[in-house]
Amino acid sequence: MPSTLALSLNPAFRVAPVRRRTFGAFVEHLGRCVYTGIYEPEHPSADEQGFRTDVLELVRELGVSSVRYPGGNFVSGYRWEDGVGPVEERPVRHDLAWHSSDPNTVGLDEFMAWARRAEVEPMYAVNLGTRGVQEALDVLEYANAPAGTHLSDQRVTNTGRPESHDIRMWCLGNEMDGPWQIGHKNAEEYARVATETARAMRMEDPDLELIACGSSNSQMPTFGAWENTVLTEAYDFVDMISAHVYYSEKDGDQASFLASADDMDHFIDAVVATADHVRAKLKREKRIMISFDEWNVWYQHRAESRPPSGDDWPVAPVLLEDIYSAMDAVVFGNLLISLLRHSDRVASASLAQLVNVIAPIMTEPGGRVWKQSTFHPFALTSKHARGEVLDVRIQAPSFDNQRFGSSTSGDAVATWDEDSGELTVFVVNRDPATQLALDADLAAFGGLELVEATTLHHQDPYAANSADAPDTVAPAENTSVGLDGGRLSGSLPAISWSMIRLARAGA
Ligand code: AHR
């Protein structure tokens with residue numbers, strides 16, 4: 001008898017509307033994300049601005065909604081003005097964060113031109129590591145002020161366009177709690193500069209959406225206390241607090257890795273609790289939301305994550321070019337399930353990163369572009385999560401793992417679009433060994449019919465795609481899934497991610 005994964009679904013189990021911003025990503029001046037990633041003027045597919053159109057096509061197919069830029073650790077030593085104006089006059093600088101050289105060929109205006117072509121909303125991070133209030137105001141004036149000021153007139157001259165960039169989401173620094181960060185601060189120091197920067201930025205434009213740095217991950221020794229201190233001071237001036245997390249299989253502990261989304265759930269719950277504690281303490285109405293602006297699988301201990309050293313300061317070195325397996329894609333798809341499930345408080349999220357650097361899209365300099373395994377759960381979830389997020393009650397066996405003790409073998413979330421009558425279920429079997437028999441009663445949705453059932457699975461959980469074999473790990477139709485009298489059934493192999501689409505009969 002196979003073990004059963006029983007899902008209880010009801011259109012009344014509403015969490016929040018699906019937010020497009022859940023499907024954001026991240027482009028940092030790091031490794032080959034920008035140079036030979038999104039930008040490579042010598043590439044045969046490059047457009048007149050030097051952007052790779054083969055990459056642009058995949059970014060659109062991925063369904064990315066917003067893109068955070070320009071860092072990451074990079075931003076904490078970055079001078080934004082190095083990247084604007086005539087390209088031949090721009091300085092080459094050492095990027096201390098990644099021990100690389102940046103020719104500054106791509107800067108704010110190029111990124112905005114690329115964002116328009118990619119049809120994504122920008123999210124811009126200011127440098128609160130080596131810089132402060134004035135430089136944040138300067139880049140805000142350059143980017144957003146209507147023509148007629150010193151810096152906005154420079155923008156008009158540089159871009160040849162009268163329109164402002166109109167960037168709405170601004171990150172107040174990056175991972176300022178991390179001792180690795182250039183200009184690292186303690187919570188009190190950061191709370192001061194973030195509050196003053198936010199206050200001043202709002203004097204320029206009160207409607208900006210401002211994001212304070214939360215903890216770099218939930219294992220930081222200051223996690224919780226950091227959020228409390230920062231929000232206690234900055235509460236009235238910010239809209240969101242950031243969260244970052246990366247997971248990987250460590251020391252062969254596959255089971256704990258497969259259960260990673262349990263940690264993401266706890267992480268989000270803890271940040272929400274802390275933000276709401278501050279809200280109660282300050283007696284405020286407003287709720288602080290979460291910008292989960294870095295999340296992914298990342299094998300940080302591998303050699304490819306080690307920056308160059310010594311006298312070697314290369315431009316666009318191969319860095320953080322993780323190759324993702326089928327199992328990575330299942331964990332990744334489960335992280336998206338966790339983010340969606342928390343749509344009531346996660347207002348924005350950014351997959352870190354977009355191209356080449358821990359990325360769903362890989363490129364060869366001068367050559368091919370290909371999809372990693374993680375491309376698929378992201379693209380399908382972004383495309384088909386519509387309407388309202390529904391909480392799904394789960395009854396399933398569990399599997400033991402070192403990190404959490406025990407985790408349910410299955411996890412799921414659903415979205416329901418009342419208007420179009422489309423129900424989509426995203427479900428993982430994250431059990432390392434046991435196939436699950438899916439059983440869900442969908443009678444509460446009225447007459448539905450099955451549209452599509454697709455499963456990402458590989459008999460070798462470590463199988464991965466490459467430029468030569470780009471479809472080794474890809475979703476395939478799951479023919480075992482059926483709908484009979486309102487009852488959904490099917491079989492989900494161990495270590496698999498699935499999407500099941502249903503629609504109102506006759507719609
Ligand atoms: O995404 C890679 C790096 O991870 C970012 O630069 C930094 O913010 C985080 O530590």
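Computation of the quantities below employed the complete heavy-atom set of this structure, encompassing side-chain atoms and omitting hydrogens, waters and symmetry-equivalent molecules. Atoms within each ligand, like the ligands themselves, are counted from 1 in listed order.
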Nearest to atom 4 (O) of ligand 1, what protein heavy atom do you find, and at what distance?
Glu294 OE1, 3.1 Å
Main-chain N/O of Ala463 paired with Ser325 side-chain donor or acceptor, under 3.5 Å
no
Using a 4.0 Å cutoff against the non-hydrogen atoms of Trp98, which atoms of ligand 1 qualify?
3 (C), 6 (O)
Quick one: sort the Phe111 and Tyr69 rings into parallel, tilted or perpendicular, breaks at 30° and 60°.
parallel
Any nitrogen or oxygen of Trp180 lying under 3.5 Å from a nitrogen or oxygen in ligand 1? Just yes or no.
no
Starting from atom 2 (C) of ligand 1, find the nearest protein heavy-atom neighbour and note its residue, name and distance.
Gln353 NE2, 3.5 Å
Of all the non-hydrogen atoms in the protein, which one sits nearest to atom 6 (O) of ligand 1, and at what distance?
Glu28 OE1, 2.6 Å
Just say parallel, tilted or perpendicular for the rings of Phe74 and Tyr78, cut-offs at 30° and 60°.
tilted
Parallel, tilted or perpendicular: which describes the rings of Tyr246 and Trp298, with under 30° parallel and over 60° perpendicular?
perpendicular
I need the atoms of ligand 1 closer than 4.0 Å to a non-hydrogen atom of Glu175, numbered in the order shown.
7 (C), 8 (O), 9 (C), 10 (O)
Of the backbone atoms (N, CA, C, O) and the side-chain heavy atoms from C-beta on, which set of Trp295 has a member under 4.0 Å from an atom of ligand 1: side chain, backbone, both, or neither?
neither
Could you check whether Trp295 and His244 have their ring centres less than 6.0 Å apart?
no
Is Trp298 touching ligand 1 with its side chain, its backbone, both, or neither, if touching means heavy atoms under 4.0 Å apart?
side chain
Mind checking whether Asn174 has an N or O less than 3.5 Å away from an N or O of ligand 1?
yes
Please state which protein non-hydrogen atom is closest to atom 1 (O) of ligand 1 and give its distance, to 0.1 Å?
Tyr246 OH, 2.8 Å
Name the orientation class of the two ring planes belonging to Phe51 and Tyr39 (parallel below 30°, tilted from 30 to 60°, perpendicular beyond 60°).
perpendicular
Exam field: side chain Tyr124 to backbone Leu140, donor-acceptor pair closer than 3.5 Å
no
